[in-house]
There are 2 protein chains.
Amino acid sequence: MLFTTATGYALRALAGLPEDGSFCLAKDLAARLDIPGPYLAKILQGLVQSDLLESVRGPKGGFRLTRPAHRITVGEVVAALEGPDSLDGCIMGFPTCGGDHPCPLHEAWGAVKAQVATSMTEATIRDLQLMDLRHLKEAKERSGGPRT
Amino acid sequence: MLFTTATGYALRALAGLPEDGSFCLAKDLAARLDIPGPYLAKILQGLVQSDLLESVRGPKGGFRLTRPAHRITVGEVVAALEGPDSLDGCIMGFPTCGGDHPCPLHEAWGAVKAQVATSMTEATIRDLQLMDLRHLKEAKERSGGPRT
DNA sequence: ATACAATAGGACAGATAAGTCCTAAATTAA
DNA sequence: TTAATTTAGGACTTATCTGTCCTATTGTAT
């Protein structure tokens with residue numbers, strides 16, 4: 001996987017939050033998305049620090065997005081979890097790979113990175129919600145026939 | 001980086017071996033490529049197991065390629081170090097990502113993987129030799145100063 | 001006020017990658 | 001044969017990621 005599992009959890013969690021802006025409990029999210037509860041809680045706390053989530057403590061508390069889902073990009077989430085330059089660097093780890101001394105995969109990897117970066121800035125949490133809804137329904141309606 | 005540092009070390013080491021088929025000491029390679037000596041030795045031993053290198057112990061011993069450099073692909077080395085399926089899986093780690101329920105980056109990442117995989121099977125150790133790996137050491141000495 | 005519910009945050013444990021160290025085995029040279 | 005050299009291999013640190021646990025803090029409800 002190109003990203004860490006924590007980043008994957010964060011993306012799934014953001015997409016799994018209710019779309020109506022109501023607060024959602026960490027443990028409910030964890031149960032629904034099948035993510036280790038305490039670990040997800042930690043990740044959500046980090047997303048609060050990154051200003052992608054806001055939280056309220058106590059009863060009726062929980063987490064919710066600070067912005068509409070369609071205004072949070074996948075790239076933002078990845079940058080929050082893995083730093084803004086996670087895609088930089090030579091694919092093979094060559095320290096001197098660059099314009100003067102490109103590695104044999106430099107060009108291909110550069111084009112590919114640009115493509116991924118573009119996709120990440122275009123894809124939003126809203127796009128992930130659409131996907132999550134589909135497989136959640138399939139999981140629940142396993143007997144009821146698939147819908148595309 | 002897409003690959004582990006061990007894989008990067010392995011690629012650099014294979015490319016750094018003498019082209020005339022003579023044996024090369026692990027510590028000489030490590031010094032020339034600025035790679036931690038004992039760690040490189042372990043990696044070279046693994047490459048012997050993978051049949052990409054052959055070794056001889058004792059004075060006048062060392063390591064050399066089992067095949068000409070142009071007949072060892074980057075993909076083979078990556079597969080030896082990270083397994084043959086290192087590029088499989090959803091880029092975001094979504095368990096349900098697939099043909100039926102692709103994640104928003106599924107298509108872009110799939111194209112990217114195919115491109116990288118192709119490049120890896122086309123690029124050989126010979127191509128890495130052409131990079132002139134001496135720049136690794138020189139660049140290090142210019143900026144950080146030599147390290148034992 | 002009190003009890004309860006939930007996040008905040010730190011300490012801790014396990015797995016894996018990265019890197020070091022020591023000893024055994026093999027090869028060469030005297 | 002003996003000594004020196006070099007790989008083989010295992011045990012041992014160190015760092016990071018993953019995951020758990022416990023306590024404090026904050027908020028709601030009674």
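Labels below follow one simple rule: chain letters A, B, ... track the order of the sequence lines, proteins then strands, and each chain is numbered from 1. Fair warning: this is a prediction, and the values are worked out from it, not measured in the lab.
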> What one-letter contact string describes nucleotides 12-19 of chain C from 5' to 3', where B marks a base within less than 4.0 Å of any protein heavy atom, S marks contact via sugar-phosphate atoms alone, and - marks no contact?
Replying inline: ------BB
>> Could you tell me how far apart B:Asp28 (CG) and D:dT7 (P) are, to the nearest whole angstrom?
In response: 9 Å
> How would you list, by chain and number, every residue that makes a salt bridge (Lys or Arg N to Asp or Glu O under 4.0 Å) with A:Arg71, sequence neighbours excluded?
Replying inline: none
> Which residue pairs satisfy the side-chain hydrogen bond (donor to acceptor under 3.5 Å, both in side chains) criterion with at least one member in residues 13-25 of chain B, sequence neighbours excluded?
Replying inline: B:Glu19-B:Arg126, B:Asp20-B:Ser22
>> Measure CZ/B:Arg64 against P/D:dT6 and give the value in whole Å, please.
In response: 17 Å
>> Once side-chain hydrogen bond (donor to acceptor under 3.5 Å, both in side chains) is applied, what residue pairs with a partner in residues 36-62 of chain B remain, sequence neighbours excluded?
In response: B:Glu54-B:Arg64
> Is there side-chain contact between B:Tyr9 and B:Pro36, with at least one heavy-atom pair below 4.5 Å?
Replying inline: yes
> Given side chains that start at C-beta, do those of B:Leu44 and B:Val48 come closer than 4.5 Å, heavy atoms only?
Replying inline: no
> Less than 4.5 Å apart, any side-chain heavy atom of A:Leu14 and any of A:Leu53?
Replying inline: yes
> How does each nucleotide of nucleotides 3-8 of chain C score, in 5' to 3' order, for protein heavy atoms under 4.0 Å: base (B), sugar-phosphate only (S), or none (-)?
Replying inline: --BBBB
>> Is there a side chain to side chain contact (heavy atoms under 4.5 Å, CB included) between B:Phe63 and B:Leu29? Walk through the geometry before answering.
In response: CA-CA 10 Å; B:Phe63 297 88; B:Leu29 249 188; 5.9 Å; no
>> If you take any heavy atom closer than 4.0 Å to DNA chain C, which residues from residues 74-88 of chain A end up in contact?
In response: none
> Can you tell me how far P of D:dT18 sits from CZ of A:Phe3, to the nearest Å?
Replying inline: 13 Å
>> What is the separation between atom CD1 on B:Ile43 and atom C1' on D:dG9, rounded to the nearest whole Å?
In response: 15 Å
